[in-house]
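See below for the structure under consideration.
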Amino acid sequence: MEYNFQEIEAKWQKIWRDSKVYKTEIDLQKSKYYVLDMFPYPSGAGLHVGHPLGYIASDIYSRYKRQKGFNVLHPMGYDAFGLPAEQYAIQTGQQPAVTTEQNVKRYREQLDKIGFAFDWDREFRTCDPDYYKWTQWTFIQIFNSYYCRKCDKARPIAELVEAFAKSGTEGLDVAQTEPMDFTAEEWNAASEKEQQEILMNYRLAYLADTWVNWCPKLGTVLANDEVVNGLSVRGGFPVERKLMKQWILRVSAYAERLLEGLDRVEWTDSLKEIQRNWIGRSEGAAVWFPLAKQEASDWKDIYMGQYDGPHHETAFEIFTTRPDTIYGVTFMVLCPEHEMIDAITTPEHKAEVEAYVTWAKNRSERERQAEVKKVSGVFTGAFAVNPITDEQIPIWVSDYVLSDYGTGAIMAVPAHDSRDFAFARHFNLPVRQVVAPSLEEVSDPDTWKESLDSKTGVCVNSGFITGMTVKEGGKAMIERIKTLGVGYGTVNYRLRDAIFSRQRYWGEPFPIYYKDGMPYAIPEEELPVTLPYVDEFKPTETGEPPLARAQNWTYKGFPMEYNTMPGFAGSSGYYLRYMDPHNAEQYFSKEANDYWQNVDLYVGGAEHATGHLIYSRFWNKFLFDMGLCCKDEPFQKLINQGMIQGRSNFVYRVVGTNQYVSLGLKDQYETTPIHVDVNIVHNDVLDLEAFKQWMPEFADAEFILEDGKYICGWEVEKMSKSKYNVQNPDDLVEKYGADTLRMYEMFLGPVEMSKPWDTNGIEGVFRFVKKFWRLYHNAEGEWIVSDEEPTRAEFKTLHKTIKKIEDDNEKFSFNTAVSAFMICANELAEAKCNKRKILEPLCVLISAYAPHVAEELWAELGHTDSVVNASFPAYDDSYMQENDFTYPVSFNGKMRLKMTFPVTYGLQEIEPILMADAGVQKWLDGKTPKKIIVVPKRIINIVL
RNA sequence: GCGGAUGUGGCGUAAUGGUAGCCGCGCCAGACUUAGGAUCUGGUGGCGAGAGCCGUGGGGGUUCGAGUCCCCCCAUCCGCACCA
């Protein structure tokens, strides 16, 4: 009987499941190793071949680590809350809980067929109340915390309340929304509601009016990472800016630690770089530009002279990374949302400014981004004072200044900033050069075509910093600003706080109720707050989120929060729950966390770089500050599996006919390419009969063939149903078996690399698995393993393979490992080696890749325990040693001869033999070599 | 515009600075077959009859020796993008 993968795979999958071989428990005798995949969102479409790529890689590694003696935690679950289930619910009226359950079931079936070593006893879904209880619990902890900059960590808000009661805001150094200033007396005199409002300014989860990305089509706000080019990532709908009251996580408080932590994790440089850019640290200065009186000369009347906080009635705080260019400031620009615009605009400019601000605020994100190069703006009629030069400068409003970065106000230095330059040219504002490559190279900026943005050079026309380099000038300027009391050196981050409210149904409800208009946390012992039943998932008539439809959505008579949490809430701390998934009293026990610590290897897509992977790190750092988890970074090593693109096939219809012309001949006709289902194409050859039956319109198709075959064209595209290029793993498992699929997915290329899915090569891997099987079974399927002692050459084949597989596993180089198995099988087949002593260790090696075949052979070898519990075989170097070695001998790097020497010979012994050789003499041609280079076991080079 | 990565046969890919193209697909030839989308054997970068010569996007450099290291250019992909 031939290799029957269907029978073997079904048999072992059942045994693994029944006997729970992959169940993991804390074992203090063993070192732990935690391997995690980014858990999937169970969509209605099921898994496609791209999903398992990362899972297979992590599965191989966790099986390998287990055989290396580690206690490996390798769990799986589902990120089950989210938009698609709800969209589907809106369309069909089905409860998301029901469709999610169906999808999860389908996913599980598909995953099981691939033979993963997951500990399914630890499975949970983010929509399980037992799990989201802890998402809610963590939210309450965040809500009840503030960020202390002095100790550089989150602290209970109660400490802050105590401090306020004792000394107000004096000496406070904390993360906050707006700077605040009050005394202990003022605090103590404040009402409960007023105190709660003040605390909102400091909480790590706070409620505030904010400009949000509002997606009308989805009916919800979106986080920055959920919007690309003004369109929602889910669905691709336009996104508008809207001022709304939202829950926000003060992620920005952790900006510096999120940045610093990157130096301590083993992620790819490109991913770290993406996060660094997203965090966007810039060093510079905050400078205070006081408002001038309308009458030009006596601005000093209102000039504060002392930096003492943002008194927006009298001055503007700006942020600049170029304090060295402050002498070149010729105007200021405020963002259209700036709260001072109304107050400063002069009557004669009022109408114009209002019109502009209204226009700018109502533009959609997409319009704004599409027209980035278009300069627009308006003069307010007001002037500010440059605190260094005492000059008056006009204040403009323009949407090229963003409200949510820095202070929403800038000092414009048109000579040295391209955006300011474009603005100055458009509105004919002065341009003043203050930086030049050298003191001699000063020119007339009126003749410039573009600004000089370079951060190297020297300061010119710049008072006391003239002649200094840009770097020195900047430092000196910050000192001066400090001395004058008009600013300070500071750091700004691009990273924004994360909006945490979604106007959706299918998410975690907030454990929050409202009393007197202020939010309060529901007591922890009453968690979870379970998602209530609603019969419709659309917003209400009044525009309230769907939870407003729920009956009795109140707590002790007080209204509850209508928003739900965003998708990233449930995925931010799920890896911690896997450590102790059934704990009813705690998120996870200290014992479990002390043992499992954090994820050693995390495998997932790079598309989460600025979303999940930031939020998770924030979440983890917060819990670390609370003393709940022992590691401050959640994911020690991270591998980004590449995306699997689709490989579409095409047929070419001759225009106006039902004739289809093969790829090689299509240039002779006028044709239209038509997508054809990749499942009826094999190695780019079309199955003509299947094509005719595929769709009625092709039933009487005629073909123009080349060499009797119809060759299809192909192209790499996104995998999608409409392109008929979706490869479903089930079909491949059905046809070739899970072991072949697993090895083929690895064989495609390095895990990290994006590549098109191409089934053309799968036959090769299938042949290998069959060949491997046949080494130990005859045509009748009988076991033909011999107990004969292997030869030295056979041992060499084995140990070469052990070494290679071990190295490749450690390097996550699974594609080359598969090649190594093939080479090994080829060598054994050639030697007709079917010996037990070779097969036994080989079985262990290959079990990580092809677990079903390995398990079957392992059992046939007489083992009663699963091969996952076997030890990784030891490598024996002694079989590698050769008796002699053939060196290529080259002259000046050109290879000319091959000579054989015993391996044990050193250079001293080789040299005389070498020089006496007739062939060498010929090439030396009487010359004395300058140098002889021997690279052990590789090459001899004679330098003439 | 800024940042990151990648360029090797017809294709996917492989090469601690040391004989470039391992392994697989495809293709060619052969064997066994009633048959082959089964299995096995051999061949397969280009040029050349041959010895040999030329070949890792292009151009320089370091080195006895470069796909690999350094500099410049070109192309493709990805991320960010009015972030002051």
Side-chain angles (χ1 to χ4, degrees), chain A residues 2 228-229 268-278 280-282 284 318-322 325 333 335 368-369 371-375 398-402 404-413 416-420 422-423 453 492-496 606-607 609-610 642-643 682-685 687 714 744 747-750 752-756 758-765 767-768 770-771 774 779 807 813 815-826 829-830 886-895 898 929-944:
Chain A
E2 269 286 301
V228 175
N229 294 328
T268 61
D269 289 342
S270 78
L271 196 82
K272 286 186 188 180
E273 211 48 46
I274 291 172
Q275 288 214 342
R276 286 193 189 105
N277 289 342
W278 189 259
R281 184 183 203 273
S282 331
I318 61 95
F319 173 73
T320 179
T321 54
R322 297 293 302 276
T325 62
V333 188
C335 66
R368 212 178 59 76
Q369 294 197 3
E371 295 171 13
V372 157
K373 295 246 156 59
K374 251 192 197 166
V375 176
S398 172
D399 67 354
Y400 85 87
V401 175
L402 305 177
D404 51 2
Y405 181 77
T407 57
I410 62 151
M411 63 175 216
V413 186
H416 306 293
D417 181 286
S418 52
R419 297 151 303 177
D420 296 345
F423 195 81
D453 291 9
N492 235 302
Y493 299 92
R494 211 188 69 107
L495 183 71
R496 312 287 152 89
E607 68 272 18
T610 56
M643 297 258 268
H682 307 282
N683 293 327
D684 291 337
V685 177
D687 180 334
W714 61 274
Y744 183 59
F747 185 68
L748 273 177
E752 310 86 347
M753 203 179 272
S754 281
K755 55 227 156 192
D758 183 350
T759 319
N760 285 350
I762 198 168
E763 302 276 351
V765 175
R767 267 173 218 153
F768 156 75
K770 284 189 287 189
K771 180 186 266 184
R774 274 199 310 270
D807 289 352
S813 178
N815 56 326
T816 54
V818 175
S819 294
F821 283 124
M822 291 179 174
I823 294 167
C824 177
N826 287 345
E830 184 149 354
T886 303
Y887 290 82
V889 181
S890 62
F891 297 83
N892 281 345
K894 302 269 183 198
M895 221 255 298
K898 278 188 181 170
K930 279 195 199 128
K931 224 197 276 187
I932 298 175
I933 295 152
V934 178
V935 178
K937 290 199 172 188
R938 281 218 186 144
I939 199 164
I940 297 173
N941 191 23
I942 299 177
V943 184
L944 298 178

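A quick note: this is a predicted structure, and the numbers were derived from the prediction, not measured. Numbered from 1 within each chain, the chains take letters A, B, ... in sequence-line order.
Within 4.0 Å (heavy atoms only), A:N826 reaches sugar-phosphate atoms of the nucleic acid but no base atom. Nucleic acid contact class of A:L402 (heavy atoms, under 4.0 Å, all strands): base. Residue A:R281 is classed as having no contact, given no heavy-atom separation below 4.0 Å to the nucleic acid. Backbone-only contact: A:M753 has heavy atoms under 4.0 Å from sugar-phosphate atoms and none from a base.
Applying the 4.0 Å criterion to OP1 and OP2 of B:A81, one finds that A:R494 has a side-chain N or O inside that range. Between A:K770 and B:A38 there is no side-chain polar atom (N or O) within less than 4.0 angstrom of OP1 or OP2. Side-chain N/O atoms of A:Y400 include none lying less than 4.0 angstrom from OP1 or OP2 on B:A84. OP1 or OP2 of B:A84 sits under 4.0 Å from a side-chain N or O of A:S282. The phosphate of B:C2 (OP1 or OP2) has no side-chain N or O of A:N277 nearer than 4.0 angstrom. The side chain of A:R276 places no N or O atom within less than 4.0 Å of a non-bridging phosphate oxygen (OP1 or OP2) of B:C80.
One atom, CG of A:D758, and another, P of B:G10, lie 17 Å apart when rounded to the nearest Å. Between A:R322 atom CZ and B:A84 atom C1' the separation is 11 Å, expressed in whole Å.
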Give me, pair by pair, the N or O atoms of the protein and of nucleotides 25-31 of chain B that are less than 3.5 Å apart, along with how far apart they are.
from	atom 1	to	atom 2	distance (Å)
B:C25	OP1	A:R767	NH1	2.3
B:C25	O2'	A:N760	O	3.1
B:G26	OP1	A:N683	ND2	3.3

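For the pair A:N826/A:K771, a side-chain contact is recorded, criterion being any heavy-atom separation below 4.5 Å from C-beta on. Counting heavy atoms from C-beta outward, A:D420 and A:Y400 have side chains that approach closer than 4.5 Å.
To the nearest 0.5 Å, atom CG of residue A:N941 and atom OG of residue A:S890 are 3.5 Å apart.
Of the two residues contacting RNA chain B, namely A:Y493 and A:K755, the nearest-nucleotide position lying further toward the 5' end is that of A:K755.
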Strictly under 4.0 angstrom, non-hydrogen atoms only: write out the protein contact profile of nucleotides 63-68 of chain B, one letter per nucleotide from the 5' end, B, S or -. -B----
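Counting only Watson-Crick or G-U wobble pairs whose defining distances are both under 3.5 Å, the stems of 3 or more consecutive pairs in RNA chain B are B:1-7 with B:74-80, B:10-12 with B:23-25, B:26-31 with B:39-44, B:45-47 with B:52-54, B:57-61 with B:69-73.
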